[in-house]
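This report refers to the structure that appears directly beneath it.
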Amino acid sequence: MNKGLYAGSFDPMTCGHMDLIKRAAKICDELTIGIIENPSKQPMFTTDERQDMIRKACKDIPNLKVDSFCGLLADYVNTNQFTLVFRGLRSSMDFEYELTMAQMNARLYEDKVETVFLMTDPKYSFISSSMAKEVFTLGGSIEGLVPEIVLKTMENRR
Ligand code: PNS
């Protein structure tokens, strides 16, 4: 059984994340979205809010679980016996960072864990959570860049 993990901040989840989740869920038997809890960062959404938005946006994906973790990704992966760790690649800038992270993690993973890179659909390649938050905060439209439920949650904060 292939147990996949897609980990990240998801603050908030974007349409790029959503596309990757749908594609990754087809490749593994069970896919977990692992939301990192980083005490040194001040997120826009609490972990519970992020979990809730992902659950709602992904309600039609049957083999999906949503979880959160803190600390080292490799510890979470090894403890939960994930076999595939998915990452999205938007550009060569992502590649440089992701390569070193995957190589470091490979040292820390126990056997049978592979990092799998999926190329972002070009229509989402410019989207990031941080840019979506910035544009939204400054009054710009982010419709179509984040799932409906995320947009509604953000608009309710205005
Ligand atoms: O949302 P992001 O920024 O793409 O998520 C990056 C994340 C959370 C996957 C990465 O920062 C991470 O793995 N953090 C956990 C701490 C860790 O394991 N650091 C060593 C990485 S080699």
Side-chain angles (χ1 to χ4, degrees), residues 4-25 31-59 61 64-80 82 84-109 113 115-121 123-158:
L5 172 71
Y6 181 31
S9 312
F10 303 105
D11 184 44
M13 176 200 208
T14 67
C15 289
H17 291 134
M18 184 79 203
D19 176 58
L20 200 126
I21 291 168
K22 284 182 188 162
R23 290 160 59 199
L31 179 69
T32 298
I33 307 302
I35 302 171
I36 180 116
E37 292 188 62
N38 187 345
S40 65
K41 274 194 187 169
Q42 186 56 55
M44 181 177 232
F45 296 102
T46 65
T47 308
D48 284 350
E49 287 170 329
R50 283 180 267 168
Q51 288 205 16
D52 189 53
M53 286 188 281
I54 294 174
R55 283 208 180 91
K56 285 179 177 151
C58 300
K59 63 180 184 339
I61 305 174
L64 196 83
K65 286 180 158 185
V66 187
D67 191 20
S68 61
F69 71 101
C70 48
L72 206 57
L73 175 75
D75 286 343
Y76 178 62
V77 168
N78 293 334
T79 305
N80 292 282
F82 292 110
L84 302 174
V85 176
F86 290 94
R87 297 291 295 163
L89 284 181
R90 288 169 299 190
S91 67
S92 55
M93 264 152 42
D94 277 352
F95 177 76
E96 299 297 328
Y97 169 66
E98 293 292 338
L99 176 68
T100 54
M101 195 159 73
Q103 288 170 334
M104 177 61 82
N105 279 331
R107 284 185 83 244
L108 302 169
Y109 289 153
V113 184
T115 302
V116 177
F117 292 102
L118 298 182
M119 305 306 153
T120 300
D121 184 316
K123 63 178 180 278
Y124 303 126
S125 61
F126 63 96
I127 306 174
S128 65
S129 300
S130 49
M131 205 178 278
K133 279 185 287 194
E134 185 171 325
V135 170
F136 178 83
T137 307
L138 296 172
S141 168
I142 55 164
E143 203 174 334
L145 305 187
V146 295
E148 255 324 283
I149 180 69
V150 173
L151 190 60
K152 275 192 192 137
T153 310
M154 289 172 87
E155 279 169 350
N156 286 342
R157 295 237 168 145
R158 278 220 204 267

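Rounded to the nearest 0.5 angstrom, N78 CG and L73 CG are separated by 9.0 Å. Atom OG of S9 and atom CG of N38 lie 7.5 Å apart (nearest 0.5 Å). Rounded to the nearest 0.5 angstrom, L20 CG and C15 SG are separated by 12.5 Å. Put simply, CD1 on I61 and CG on L31 are 8.0 Å apart, with the number rounded to the nearest 0.5 Å. Here the straight-line distance linking atom CZ of F86 with atom OG1 of T115 works out to 10.5 Å at 0.5 Å rounding. Here CG of L118 is found 8.5 Å from CG of L89. Values are rounded to the nearest 0.5 Å.
Between E143 and L151, the closest side-chain pair of non-hydrogen atoms falls below 4.5 Å. A heavy-atom distance below 4.5 Å is not found between the side chains of F45 and D52. Side-chain contact between V85 and V113 is present, with heavy atoms from C-beta onward closer than 4.5 Å. You'll find the side chain of M44 reaches within 4.5 Å of the side chain of M154, heavy atoms only. The shortest distance between side-chain heavy atoms of Y124 and M18 does not fall below 4.5 Å.
The two residues I36 and R50 make their nearest non-hydrogen contact at O-NH1, 3.7 Å. Shortest non-hydrogen contact noted between T14 and S128 is CG2-C, 4.0 Å. A pairwise comparison of heavy atoms in A132 and I142 identifies O-CG2, 3.5 Å as the closest pair. In terms of heavy-atom proximity, A74 sits nearest to L108 at CB-CB, 3.4 Å. Minimum heavy-atom separation, S129 to P12: OG-O, 2.7 Å. The minimum heavy-atom distance between M13 and I21, with the atom names listed, is CE-CD1, 3.5 Å.
S91 places a side-chain N or O within 3.5 Å of a backbone atom of M93 that can act as its donor or acceptor partner. Of the possible polar contacts, none joining the N80 side chain to the F82 backbone as a donor-acceptor pair under 3.5 Å is found. Judged by distance alone, with hydrogens and angles left aside, the side-chain atoms of R90 form a donor-acceptor pair with the main-chain N or O of I127 at under 3.5 Å.
Checked for salt-bridge contact, D11 and K133 meet the test: a charged N lies under 4.0 Å from a carboxylate O. For R157 and E49, the salt-bridge test passes: some basic side-chain N is under 4.0 Å from an acidic carboxylate O.
In summary, the side chains of R55 and Q51 do present a donor paired with an acceptor at a separation below 3.5 Å, with no hydrogens or angles considered.
For M104, the CE atom is loosely surrounded, since the number of other residues' heavy atoms within 6.0 Å does not exceed 12.
Take K123 and apply the side chain to side chain donor-acceptor pair (under 3.5 Å) test, not counting sequence neighbours, and it matches D121.
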>> Apply side chain to side chain contact (heavy atoms under 4.5 Å, CB included) to residues I33 and D67 and explain how you reach the verdict.
In response: CA-CA 6 Å; I33 307 302; D67 191 20; over 6 Å; no
> Step by step, would you call I35 with V66 a side chain to side chain contact (heavy atoms under 4.5 Å, CB included)?
Replying inline: CA-CA 8 Å; I35 302 171; V66 187; 4.2 Å; yes
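Between F10 and Y6, the ring center distance clears the sub-6.0 Å criterion. For an aromatic pair to be called close, the ring centres must be under 6.0 Å apart, and F69 with Y76 satisfies this.
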